[in-house]
Amino acid sequence: MSLSISFERRGAGDPIVLVHGIGSRWQVFGPILDALVDAGHEVLAIDLPGFGASSLPSGVAPGPRGYADWLAGWLPEQGVERPHVVGNSMGGAIALELGRRGLASAVTAFSPAGLWREPGLRWCQSMITTMRSAARVAGPVMGGAVDHRIGRQVLLSGFFGQPGKIDPDVARADMAALADSPAYAQARHAFSGYRLAPTDDPGALPHIPATIAWGTRDVVLTHRTQSARAREVMPYVHHVDLPRCGHVPFNDDPSTCSRLVLADATAAATKEPR
């Protein structure tokens, strides 16, 4: 099977690469994409292999480390070297992996995966599986329910802090992507073998601008426990709480999310610490 990768590439300037989470797609970054382009950056938002509109061939290992390996080879093929990598959830873990390997000029990670202990891992896997099962079994019913603000609040509150703000067409497309992701099972399984610890080699991360941001309404990777764990594991990065934001914060507060990304981008360009 040939590899067909779906991505959006806009703008010109220092590159920013946007990496989504499990079951998601590049369009999740839509609320902040224009702001990054308007600030003078080339932005590449990607559907990881097996998610969104990208195929999943043999040889690609879904999961934080496997996708980091793949991006380490694919990005230079696109003429992108040491970009600022922005990720959410699994994509946040991928961004941190690339930063640790010295392959990123800056990292901005929103609710990155891997900062769990065993109960948090099991909770996360249960939550995303429940939401995926609901999207697959009740797709048409859920598709109609999201036309109504209350329906979006009920059905999408697992991912968004303010689900009523989501456009119904976007919500339907997001649910379809979650239901149909061929890489989902492998990526979910890879979570069990991925856990970040204070004893890990930080590599290049302490030497580049890096931010971990967490929505205070995140119930997938729960803010109270996992943001605290992030501060313990990576005290050398900049930590930020995002009030009223959920696990996927870009619709909840696009201005704050884009501001955090651009602050890291500016720090990388000026070679100043964050």
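Just so we're clear, the structure is a prediction, and the values are computed from it rather than from any experiment.
- Side-chain atoms of Ser258 do not come within 3.5 Å of backbone N or O of Ile32 as any donor-acceptor pair.
- The two residues His238 and Val240 have their closest heavy-atom pair at CE1-CG2, 3.4 Å.
- Looking only at side-chain heavy atoms (C-beta outward), Met90 and Phe51 come within less than 4.5 Å of each other.
- For Tyr67 (side chain) and Pro49 (main-chain N/O), a donor-acceptor pair under 3.5 Å exists by modelled atom type.
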Steps toward side chain to side chain donor-acceptor pair (under 3.5 Å) verdict (Gln125, Ser192): CA-CA 9 Å; Gln125 291 177 318; Ser192 297; 3.2 Å; yes

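- When the side chain to side chain donor-acceptor pair (under 3.5 Å) test is applied to Ser54, no partner is found at least two apart in sequence or on another chain.
- Residues forming a side chain to side chain donor-acceptor pair (under 3.5 Å) with Asp34 (at least two apart in sequence, or on another chain): Arg10.
- Scanning both residues, Gly246 and Asp252, for their nearest heavy atoms gives N-OD2, 2.8 Å.
- Between Asn251 and Pro254 the shortest side-chain heavy-atom distance does not fall below 4.5 Å.
- Put simply, the side chain of Ser89 does not reach to within 4.5 Å of the side chain of Ser111, judged on heavy atoms.
- Shown here are the side-chain contact (heavy atoms from CB on, under 4.5 Å) partners of Glu42, two or more places apart in sequence or in another chain: Arg9, Pro15.
- The two atoms that bring Pro206 and Gly203 nearest to each other are CD-O, 3.4 Å, heavy atoms only.
- Among all heavy-atom pairs drawn from Ala35 and Leu262, the shortest one is O-CD1, 4.2 Å.
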Would you mind writing out the side-chain donor-acceptor pairs for residues 98-108 within the sub-3.5 Å range, not counting sequence neighbours?
{"residue": "Arg100", "atom": "NH2", "partner": "Glu97", "partner atom": "OE1", "Å": "3.2"}
{"residue": "Arg100", "atom": "NH2", "partner": "Glu97", "partner atom": "OE2", "Å": "2.5"}
{"residue": "Arg101", "atom": "NH1", "partner": "Asp69", "partner atom": "OD1", "Å": "2.6"}
{"residue": "Arg101", "atom": "NH2", "partner": "Asp69", "partner atom": "OD1", "Å": "3.1"}
{"residue": "Ser105", "atom": "OG", "partner": "Arg82", "partner atom": "O", "Å": "3.3"}
{"residue": "Ser105", "atom": "OG", "partner": "His84", "partner atom": "N", "Å": "3.3"}
{"residue": "Thr108", "atom": "OG1", "partner": "His84", "partner atom": "NE2", "Å": "2.8"}
{"residue": "Thr108", "atom": "OG1", "partner": "Asp264", "partner atom": "OD2", "Å": "2.7"}

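- Considering only heavy atoms from C-beta on, Leu242 stays 4.5 Å or farther from Arg217 through its side chain.
- Contact between Thr216 and Pro243 at its shortest, heavy atoms only, is OG1-CA, 3.4 Å.
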Derivation and outcome, side chain to side chain contact (heavy atoms under 4.5 Å, CB included), residues Val219 and Met127: CA-CA 9 Å; Val219 295; Met127 280 284 293; 3.9 Å; yes

Result block: side-chain N/O donor-acceptor pairs under 3.5 angstrom for residues 16-27, not counting sequence neighbours:
{"residue": "His20", "atom": "NE2", "partner": "Leu48", "partner atom": "N", "Å": "3.0"}
{"residue": "Arg25", "atom": "NE", "partner": "Asp174", "partner atom": "OD1", "Å": "2.8"}
{"residue": "Arg25", "atom": "NH2", "partner": "Asp174", "partner atom": "OD1", "Å": "3.1"}

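- At a threshold of 4.5 Å between non-hydrogen side-chain atoms, the residues Asp169 and Arg172 count as touching.
- The line from CG of Asp218 to CZ of Phe159 is 10.0 Å long, rounded to the nearest 0.5 Å.
- In terms of the side chain to side chain donor-acceptor pair (under 3.5 Å) criterion, Asp14 has no residue partners (sequence neighbours excluded).
- A donor-acceptor contact shorter than 3.5 Å links the side chain of Asp253 to the backbone of Thr256.
- Between Leu221 atom CG and Leu115 atom CG the span is 8.5 Å, to the nearest 0.5 Å.
- In plain terms, the two heavy atoms of Arg132 and Leu178 that are nearest each other are NE-O, 2.9 Å.
- Within the structure, the salt bridge (Lys or Arg N to Asp or Glu O under 4.0 Å) test picks out the following pairs touching residues 232-250 (sequence neighbours left out): Arg117-Glu232, Arg229-Glu232, Arg231-Asp241.
- Considering only residues two or more places apart in sequence or on other chains, Pro235 meets the side-chain contact (heavy atoms from CB on, under 4.5 Å) condition with none of them.
- Distance check, rounded to the nearest 0.5 Å: NE2 of His41 to CG of Leu33 gives 12.0 Å.
- From Ile5, atom CD1 reaches atom CH2 of Trp74 across 6.5 Å, with rounding to the nearest 0.5 Å.
- Applying the side chain to side chain donor-acceptor pair (under 3.5 Å) rule to Asp47 yields the partners Ser6; only residues at least two apart in sequence or on another chain are considered.
- When the side-chain contact (heavy atoms from CB on, under 4.5 Å) test is applied to Ala179, the partners found at least two apart in sequence or on another chain are Ala135, Arg136.
- Among pairs with a residue in residues 181-196, those fulfilling salt bridge (Lys or Arg N to Asp or Glu O under 4.0 Å) read Glu118-Arg195, at least two apart in sequence or across chains.
- Taken to the nearest 0.5 Å, the CH2 atom of Trp116 stands 4.5 Å off from the CZ atom of Phe191.
- For the ring pair (Phe, Tyr, Trp, His ring centres under 6.0 Å) with Phe110, the lone residue among Phe250, Phe29, Trp214 that qualifies is Phe250.
- Proximity of a side-chain donor or acceptor of His247 to a complementary backbone N or O of Gly161 within less than 3.5 Å is not detected.
- Atom CG of Leu205 is separated from atom CE of Met234 by 5.5 Å, given to the nearest 0.5 angstrom.
- Thr225 and Thr222 are linked by a side-chain donor-acceptor pair at a separation below 3.5 angstrom, with hydrogens and angles left out of the test.
- The list of side chain to side chain donor-acceptor pair (under 3.5 Å) pairs with a residue in residues 178-187, not counting sequence neighbours, reads Thr129-Tyr184.
- Taking 4.5 Å as the limit, some side-chain heavy atom of Ile212 sits within range of a side-chain heavy atom of Pro112.
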